[in-house]
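Working notes, structure below.
Keep in mind it's a predicted model, so treat the numbers as computed, not measured. In what follows, every chain begins at residue 1, and chains take the letters A, B, ... in the order their sequences are listed.
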Amino acid sequence: MPEGQAIHRIARLINERFEGADVVASSPQGRFSDGARRLDGLTAGRAEAWGKHFFMPFADGGSFARADNGPSSGMPAGSALQSEEESSSGRLNAKNAIAPGAEHLAETPLGGTSLGDDGPLWLHIHLGLYGRWHFTGEGSDAIVGAGVRSGNHNAVNVGAGSTVRLRLAANGFTADLTGPSRCEILDGPGVRAAVSKLGPDPVRNEPGDRERFVEAVRRRRSPVGQLVLDQSIAAGPGNIYRADCLFRVGISPLRPGNKVSAERLKALWDDLVETMQADVPDGVIRTVPESLRPEPAKASGAKNPDAESADGDDPEAQRFAVYHRTGRPCLRCGTPVAEKEMAGRRLFWCPSCQR
DNA sequence: ACGAAATGTCTAA
DNA sequence: TAGACCTTTCGTT
């Protein structure tokens, strides 16, 4: 369920607990037993997110220590990096081919860690709709990846009938993974292939990303609301950021990509960067613009009485600008928020102030 | 108990 | 476009 910002947070939490440690890996559920066996006893490197994808390197303790001369990463600092020409053209077969226009992505080694054949093993995880990480140890219990309405943080079965696909343990910490749609081990070229399918990630926001995003959208005739969810155009935004960031910058999700001006798309990219990056530290999505935030019910000079009364004390309805607010008054103009299905996903927008 | 929904993606038809 | 999949939670019988 989480969008990209939550995956970046997970990478942070994982690194705080496991980076540089020799990890005990297991699969209580049994569906990842082979993979867990391959990771068990290896040294964890620095995990990273790219959009909703999570990548974590594991190296044999010996080779790991020998190659380590980097300041913080703990992974071989570029030791096995091939030249760019070699790696992008030579190594990739047809199946791993880089999508046209996405070449720059394959050139970007994740965190400077080698993506060569003989580098570390990479744990690759996608949480899909239901995946979660559950952390325990040192009073640091946390669940990351919980759904919009979930507040209940207790149940991870341990024991028979456990749903824990992968458990990592070290330093007195445990990280339990349940319900991922993808959980696999890749080699360097495999990581390259996975990343090459992804567009720029607003949380990473590397140089040139904004232009790549703008051009990718303007190249297509599909509605921009669909393009923002296309992970090859922007990696990380999900249904909430899609709806609410389009609202924040006033673009109608129904407008064809090639009919949105470059200026407005730049503003959209900048807004994705700002909102998603701000949400990484605690993982909570906050998309209601400060100026439109409903004031406490008692306040006398409420600017937006409509919005306030209509949402009442339904907490979920106050968390987002238009997401899940069908029929309630737009926080900006009071027009009822509209909803329709677009490519199988529910879409929310203000038909009046998004043009 | 049961069904629906949920911040997602893939495959087949 | 429809269905499959992975799991949990919430609202309705």
>> I want to verify a distance call: between C/dT8, C/dT7, B/dT9, whose nearest atom is closest to the A/Arg31 side chain?
In response: C/dT7
>> Whether the A/Ser252 and A/Gln354 side chains hold a donor-acceptor pair (N or O, under 3.5 Å, no angle test) is what I'd like checked.
In response: no
> Centre of A/Phe320's six-membered ring, under 6.0 Å away, within 45 degrees of the axis: is that where NZ or CZ of A/Arg325 sits?
Replying inline: no
> In whole angstroms, how far is the C1' atom of C/dT8 from the CG atom of A/Asp176?
Replying inline: 16 Å
> Atom CD of A/Gln226 to atom C1' of B/dT9: distance rounded to whole Å?
Replying inline: 14 Å
> Is any side-chain N or O of A/Arg182 closer than 4.0 Å to OP1 or OP2 of C/dC5?
Replying inline: no
> Nearest-Å distance, CZ (A/Phe32) to P (C/dT7)?
Replying inline: 14 Å
>> Using whole Å, what does the distance between atom P of nucleotide C/dC5 and atom CZ of A/Arg165 come to?
In response: 13 Å
>> Taking any heavy-atom pair under 4.0 Å as a contact, classify A/Gln29: base, sugar-phosphate, or nothing.
In response: sugar-phosphate
>> Just N and O in the side chain of A/Thr163: are any of them under 4.0 Å from OP1 or OP2 of C/dC6?
In response: no
> With a cut-off of under 6.0 Å to the ring centre and 45° to the axis, is A/Arg242 in cation-pi contact with A/Phe247?
Replying inline: no
> Mind checking whether A/Thr335 and A/Pro351 have side chains closer than 4.5 Å, heavy atoms only?
Replying inline: yes
>> What is the distance, to the nearest angstrom, from the CD1 atom on A/Ile125 to the P atom on C/dC6?
In response: 16 Å
> If you check the A/Gln231 side chain, which of C/dC6, C/dT8, B/dT9 turns out closest?
Replying inline: B/dT9
> Do you know which of A/Thr287, A/Asp271, A/Asp279 makes side chain to side chain donor-acceptor pair (under 3.5 Å) with A/Tyr241?
Replying inline: A/Asp279
>> With rounding to the closest Å, how many angstrom separate the P atoms on B/dA5 and C/dT13?
In response: 14 Å
>> How many whole angstroms separate atom CG of A/Leu129 from atom P of C/dT8?
In response: 13 Å
> Counting any heavy atom closer than 4.0 Å, what does A/Arg242 reach on the DNA or RNA strands: base, sugar-phosphate only, or nothing?
Replying inline: nothing
>> Measure CH2/A/Trp133 against C1'/C/dT7 and give the value in whole Å, please.
In response: 16 Å
>> In whole Å, I'd like the distance from the CD atom of A/Glu341 to the P atom of C/dG3.
In response: 12 Å
> Expressed in whole Å, how much space separates the P atoms belonging to B/dG3 and C/dA4?
Replying inline: 16 Å
